[in-house]
Amino acid sequence: MADPSGAAGNSISRNGLLPLVVDKVSYRVGGSTLIDGVCFRLEDNRRTVILGPNGAGKSVLLRLCHGLLTPTSGRITWAGTAPAGTTGQRGLVFQRPVMLRRSVAANIDHVLKVRGIDRPERRELTDAALEQAGLAALALRPARTLSGGEQQRLAIARAWLLEPSVVLLDEPTANLDPGATRAVEDLIARLDATGAKIIMTTHDITQARRLADEVMFLHHGHLLEHAPAPEFFSGPRHPDAAGFIEGKLII
Amino acid sequence: MSTSIRTRTRSLVGLAALIAVWIPTLCAAESITVASTTSTENSGLFEYLLPEFTEDSGIEVRVVAVGTGQAIRIARNGDADVLFVHHRPSEEAFVAEGYGVRRYPVMHNDFVIVGPASDPAGISDTGDAAGALAAIARSRNIFASRGDDSGTHKKERSLWQAAGLDPAAAGDAWYRETGSGMGATLNTASAMDAYTLSDRGTWIRFGNKGDLVILSEGDPALFNPYGVILVNPGRHPHVRAEQGQAFIDWLVSPRGQRLIAAYRIDGEQAFFPDAGTRP
Amino acid sequence: MNDFSSALWTALDLVTRFDPDLVEIVVLSLEISLTAVLVATLIGLPLGAALALARFPGRHFLVIVLNALMGLPPVVVGLTIYLLLSRAGPLGAMGLLFTPAAMVIAQTVLVVPIIAALARQTVADLHEEYDEHLRAIGSGPGQRMATLLWDGRFRLLTAILAGFGRAIAEVGAVLIVGGNILHSTRVMTTTIALETSKGNLALALGLGLILVSLAISINAAAMLLGEAANRRYG
């Protein structure tokens, strides 16, 4: 389990997966272009937030980066390797978490089993992960009976196992109430402190303001702006981005 | 993965246990398979007779009871060691074609024509079977035929022929072919208050007679002889010829014949021994 | 109505006396059907799961055929297996005709489509739900199949029980390939058929009541076991 104190969290050395290079990537399906010619490079452990309205293509972009989807054109590499070769070093949290029809503990155990870890070690790691996410009391409950917030914390705990270098989160709090959102954001902060790189998507401007070190603004599948957070929020250059942070509906 | 090895071992042990339970049923101790008919089975003769043979000889007899046509088919394929049916022409053909070694007459009983007690066709006065059938045809009362190419069915057809009629071909509405065994046909006849031809053994033991009673019997044409034949080991080398012949020898032996004669259904003698008569 | 009450009394009498003939046919019925269901599960679960997950041309057609095979007429299956196992047939040398083994084969053939088709549906549904997550955590194809099968365990249990129901209630196929031989291949359903043909309707119905009660008990036991296991292991 990752060292919670973060003392060993040397941000540079733990990121064997960076830089993430997305080179002229497009994704077309069924006649629509969901991602169009996106280029960017992520090099350090700052918290990156991909911001944009619904339908911008944020989820698609995240899935492309993780290797769940294959770009129609262009290339994606993590430290020079294709996404498929490095799945084990990344965690992915979906907007709606997928809960197996098992107990909370079994959901975590399952990920470890998939990675080929032996039973005694799995037990230890599972217990630690449950502690970490504050779910120890719910260990034996069927995961599907948990609240939205609890399920999302479980999903993050799952992603957190085995010390991932990068954690991708796709609108993790979109369906949660403020209390649960707070708990999830705290967990993300702790995750960040261990040295994992956080790449998160959201359409919630205030959440982006709270969490982002760096912002990428996506709209209609185009990357319209990529800047450090203070710079972006004080005055975005692209008119659509500006309109968005003012709360306008941009078409 | 230690867990999956454990689960795998457990399932193998379970499977082995199941198979172990099976082995006794699969292993054939000394036994023969006899293809016979539902009428003989339904008469209860086998339940009474076979344990005696097994005690005398140590050979278990496994009877597959189906219609005569099917029984002959089974024997022809070599799926049985002995054939024990009651349709002489078919039996003789079976031997002539080389599927059987020799036909031994074993016993006989007779067929009866049953029908509703009120006897709307008035057949109880006719002494002869063909005449009775003709009366049924004339009055267009329902007649249930087995229609399954069994010994009983073949006998029935020969009686229609003797009466100069062919209701099957004519497609008469009152002639109902059930395509089933004797019991099923009797159930149908009972439910429809119909006339039908049955072997006496099945009839006496039949538990659902309803309103039906015997209305015509005794005509020599209703004579029902049983023959037993060893399936030709020359044709089917796997046939248990020795044990099969032992069974046949026992059936026609004085002891076997005595036991057959002694078999009673509801106090009546059901079968009359025939061995020693001309084959 | 007389036959019905008579049947009930007959059934109770046989059961309370532990009538040896009854015990014999019940035990044989269970042996054969449980073995058939076990084999059918071992074949049907992976088959159904594979069909749910694999993609190949003609897959859709195969799924339609599999679903249709759930309605295989037992008597046709029996006849086909008889022709295969007969001494005059291709597998005659094995001498399996008129043995319990032939009955297991027949029932297995009838049950595999049920388990496979229902497993396919279950796995396909779960696949839709779980696939992204399983791929995201780096699950291999074999692991994915195992996960889907395990998570679908309750629906699969229902499928297996459906298969068992079909097996234990079946008479057409086992009659043809087994021969209904006393003390050897005579099971509950073939006995019921035989007693019916002898006109012993009350006895036949009584045996039918016992058979139905047996099926209910087994289903109940399976469900209770399933729920207990669920509580323990989640």
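Letters go in sequence order (proteins before strands), and every chain restarts at 1.
Both the sub-6.0 Å distance and the 45° axial angle are not jointly satisfied by B:R200 relative to the ring of B:W203.
The distance between the ring centers of B:F143 and B:Y195 does not fall below 6.0 angstrom.
The existence of a salt bridge linking B:R76 and B:E97 is confirmed by a sub-4.0 Å separation between a basic side-chain nitrogen and an acidic carboxylate oxygen.
Ring geometry for B:Y226 against B:F84 counts as perpendicular: the plane angle is over 60°, on a 0 to 90° scale with 30° as the lower cut.
Of the candidates B:V231, B:D81, B:T33, B:D81 is the only one forming a side chain to side chain contact (heavy atoms under 4.5 Å, CB included) with B:R240.
With chain B as partner, the option from C:I176, C:L97, C:I181 having the largest number of non-hydrogen pairs under 4.5 angstrom is C:I181.
At a 4.5 Å heavy-atom cutoff, the contact between B:V63 and chain C is made by backbone atoms alone. For B:I74, the parts lying near chain C are the backbone and the side chain together; criterion is any non-hydrogen pair under 4.5 Å. For B:D79, the parts lying near chain C are the backbone and the side chain together; criterion is any non-hydrogen pair under 4.5 Å. Heavy-atom distances place the backbone of B:A65, and not its side chain, under 4.5 Å from chain C.
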